[in-house]
Amino acid sequence: MVVPMNDAPALLTINAGSSSIRFAVYRAGAAPVRVLAGMIDGIGSKRMAFSITEPAGAAPPPGRLAAGDHRVAIRVLLDWLASQPVYAAVVAVGHRIVCGTDHVGPQPITAALLKELRRLAPFDADHLPQQLVLITELSRRRPALRQVACFDTSFHRTMPRVAKLLPIPQRYAAGAERYGFHGLSYAYLMEELARLDPAAAKGRVILAHLGSGASMAAVHRGVSVDTSMGFSPTSGLMMSTRPGDLDPGLVYYLARSQQMTAAQFQRMVTHESGLLGVSGTSADLRDLLAREARDPRAVDAIALFCYQAKKRIGAYAAVLGGVETLVFAGGIGENASVIRQRICAGLGFLGIAIDRRRKSRHAPVISETGRRVAVRIIHTDEELMIARSVVRLLKLAAD
């Protein structure tokens, strides 16, 4: 049974990915309350399915769907939402937009912003075209609905110029710089850290968002000073299907040796590399951990993932001039204790050490008592961050 809205205004958040659409409905207020949430996963494949994650008694969605693209998924989602009583109370929609170039905060979606986003579509071909279809269809169905773009890049606009520059000829540099991503997650993590330990949030912090997409950020006095993802979300750390940083010489080498086109290279670095590419079997770290004892390629994939994360922590300790707090978040960061342990192993010289008695309990603080660096686990919530951003921008908080 859906939680009653008590006639309060509500807002919808939408997080459209390359193969999924996550959504949630919140009661608007200074502290938004989630009353409905779910997702359509496997878009573009035979396993496309619609599920509700909150509340347990919500009206059931269609379940497994016939294979279809994002347009089919969007139609199914919006038709279903329109049948839910809470949807009538929705007055605004917040969209996660991966690439926002120079935008330093959320923006109302206007005709001018839509024109800009269409121009930016080549920056993010895996997400932005689908997000534009969603925005357009929502406008067609409910023209009075206020829509807001919440940019993943905004959090990193504070980075110094040296952290944004790409070392390429400046005649090619227009629009090409290190933007950084996962900003909604990082903004949420910093708000949570400020709630849990205000002094720590004002210090030297390394944030590790480790999931199917993985990145790290160096934060000083509450603002981003560097981050691992750069011009695109394929860069930085090794991920589930993305390689992270690669030698650019590979482009020429593979074009010559394999006759690989630019489009094939883009597909490789987006969908075929990372954990999947190294292991040859799975992009899911849980599968690889289960195979580790008998599969050398799974061993290599896990070792490379942990090694790259360890290196990045060391690099950001140098950027920050030390580190006082390390935060793990994301599906891997929050749940894979063995991976956290391996990443932090050998970092005692930085003051980082995980208490083995706490590591498997997923305690909020898992570092050894008395160490210089507090190692925390914080559950990230991009949808709630979107909701908070919309409430603040549109001044929807009446309480």
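We use all heavy atoms of the structure for the numbers below, so side chains are in, but hydrogens, waters and symmetry mates are not. In this chain, residues are counted from 1 in sequence order.
Using modelled atom types, no side-chain atom of Asp79 and backbone atom of Ala82 make a donor-acceptor pair closer than 3.5 Å. Ser235 contributes a side-chain N or O that, together with a main-chain N or O of Gly230, makes up a donor-acceptor pair within less than 3.5 Å. Proximity of a side-chain donor or acceptor of Arg371 to a complementary backbone N or O of Ala353 within less than 3.5 Å is not detected. Within the 3.5 Å criterion, the main-chain N or O of Ile366 finds no donor-acceptor partner in the side chain of Asp355. Between the Arg178 side chain and the Thr227 main chain, a donor and an acceptor come within less than 3.5 Å of each other.
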Take Glu383 and Arg22, measure what salt bridge (charged side-chain N to carboxylate O under 4.0 Å, His left out) needs, and give me the verdict at the end. CA-CA 8 Å; Glu383 284 74 29; Arg22 297 179 184 273; 5.0 Å; no

Between Asp226 and Arg312, does a salt bridge (charged side-chain N to carboxylate O under 4.0 Å, His left out) hold up when you go through it step by step? CA-CA 11 Å; Asp226 205 345; Arg312 191 67 63 162; over 6 Å; no

Trace of the salt bridge (charged side-chain N to carboxylate O under 4.0 Å, His left out) decision for Glu191 with Arg388: CA-CA 11 Å; Glu191 287 193 3; Arg388 289 176 180 175; 2.7 Å; yes

For a salt bridge (charged side-chain N to carboxylate O under 4.0 Å, His left out) check, start with the C-alpha distance between Arg291 and Asp284, then their side-chain angles and the critical distance, and finish with the verdict. CA-CA 11 Å; Arg291 299 172 61 91; Asp284 192 320; over 6 Å; no

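With 3.5 Å as the limit, one finds a donor-acceptor pair spanning the side chains of Asn15 and Arg96. Counting only N and O atoms by type, the side chains of Ser224 and His156 include a donor and acceptor under 3.5 Å apart. In summary, the side chains of Ser215 and Tyr186 do present a donor paired with an acceptor at a separation below 3.5 Å, with no hydrogens or angles considered. A donor-acceptor contact closer than 3.5 angstrom links the side chains of Glu116 and His103.
Side-chain contact between Lys310 and Arg342: absent, with no pair of heavy atoms (C-beta onward) separated by less than 4.5 Å. Counting only heavy atoms from C-beta outward, the side chains of His70 and Leu134 never approach each other to under 4.5 Å. No side-chain heavy atom of Tyr316 sits under 4.5 Å from any side-chain heavy atom of Val323. Side-chain contact between Ile302 and Leu285 is present, with heavy atoms from C-beta onward closer than 4.5 Å. Looking at heavy atoms from C-beta onward, Ile339 lies in side-chain contact with Cys306 at the 4.5 angstrom threshold. Residues Met39 and Ser51 have side chains in contact (heavy-atom distance under 4.5 Å, counting atoms from C-beta outward). Counting heavy atoms from C-beta on, the side chains of Arg242 and Met229 come closer than 4.5 Å. Contact of the Gln107 side chain with the Ile97 side chain is not registered, since no non-hydrogen atoms from C-beta on lie closer than 4.5 Å.
Put simply, CD on Glu192 and CE on Met385 are 10.0 Å apart, with the number rounded to the nearest 0.5 Å. We find the CZ-CG distance between Phe328 and Leu210 to be 6.5 Å, quoted to the nearest 0.5 Å. Annotation: the span from Phe181 atom CZ to Phe151 atom CZ amounts to 12.5 Å, rounded to 0.5 Å. Remark: Met268 CE to Leu250 CG distance equals 6.5 Å, nearest 0.5 Å. Distance check: Thr153 OG1 to His182 NE2 gives 12.5 Å after rounding to the nearest 0.5 Å.
Linking Ile, Leu, Val, Met, Phe, Trp and Tyr whenever their side-chain heavy atoms come within less than 4.5 Å leaves Val299 and Leu276 in two separate clusters. Hydrophobic clustering, with ILVMFWY side chains joined whenever heavy atoms are under 4.5 angstrom apart, keeps Val327 apart from Val223. Cluster annotation: Leu113 is connected to Tyr179 through the hydrophobic network of ILVMFWY side chains, with a link wherever side-chain heavy atoms come within less than 4.5 Å. Tracing side-chain contacts under 4.5 Å through hydrophobic residues (I, L, V, M, F, W, Y), one reaches Val373 starting from Val319; they form part of the same cluster. Hydrophobic cluster membership differs between Val269 and Leu166, with clusters built from Ile, Leu, Val, Met, Phe, Trp and Tyr side chains linked at under 4.5 angstrom.
Smallest separation of non-hydrogen atoms from Val91 and Pro9: CG2-CB, 4.1 Å. Nearest heavy atoms, Leu396 versus Leu11: CD1-CD2, 4.1 Å. The two residues Ala37 and Ile52 come nearest to each other via the heavy atoms O-CG2, 3.4 Å. Taking every heavy atom of both residues into account, Gly330 and Thr380 meet most closely at N-CG2, 4.1 Å. Residues Gly333 and Arg340 approach most closely at O-NH1, 3.0 Å, considering heavy atoms. Of all the heavy atoms in Val391 and Gly29, the pair that sits closest is CG1-O, 3.4 Å.
Under a cutoff of 6.0 Å and an axis angle of 45°, Arg142 and Tyr87 form a cation-pi pair.
A side-chain contact (heavy atoms from CB on, under 4.5 Å) with Gln131 holds for exactly one of Val98, Leu117, Ile14; it is Val98.
Environment of CZ in Arg392: crowded, with over 12 heavy atoms of neighbouring residues, nucleotides or ligands closer than 6.0 Å. Atom CD of Gln258 has 12 or fewer neighbouring heavy atoms from other residues, nucleotides or ligands inside a 6.0 Å radius. In the displayed structure, Tyr252 atom OH is contacted under 6.0 Å by at most 12 heavy atoms of other residues, nucleotides or ligands.
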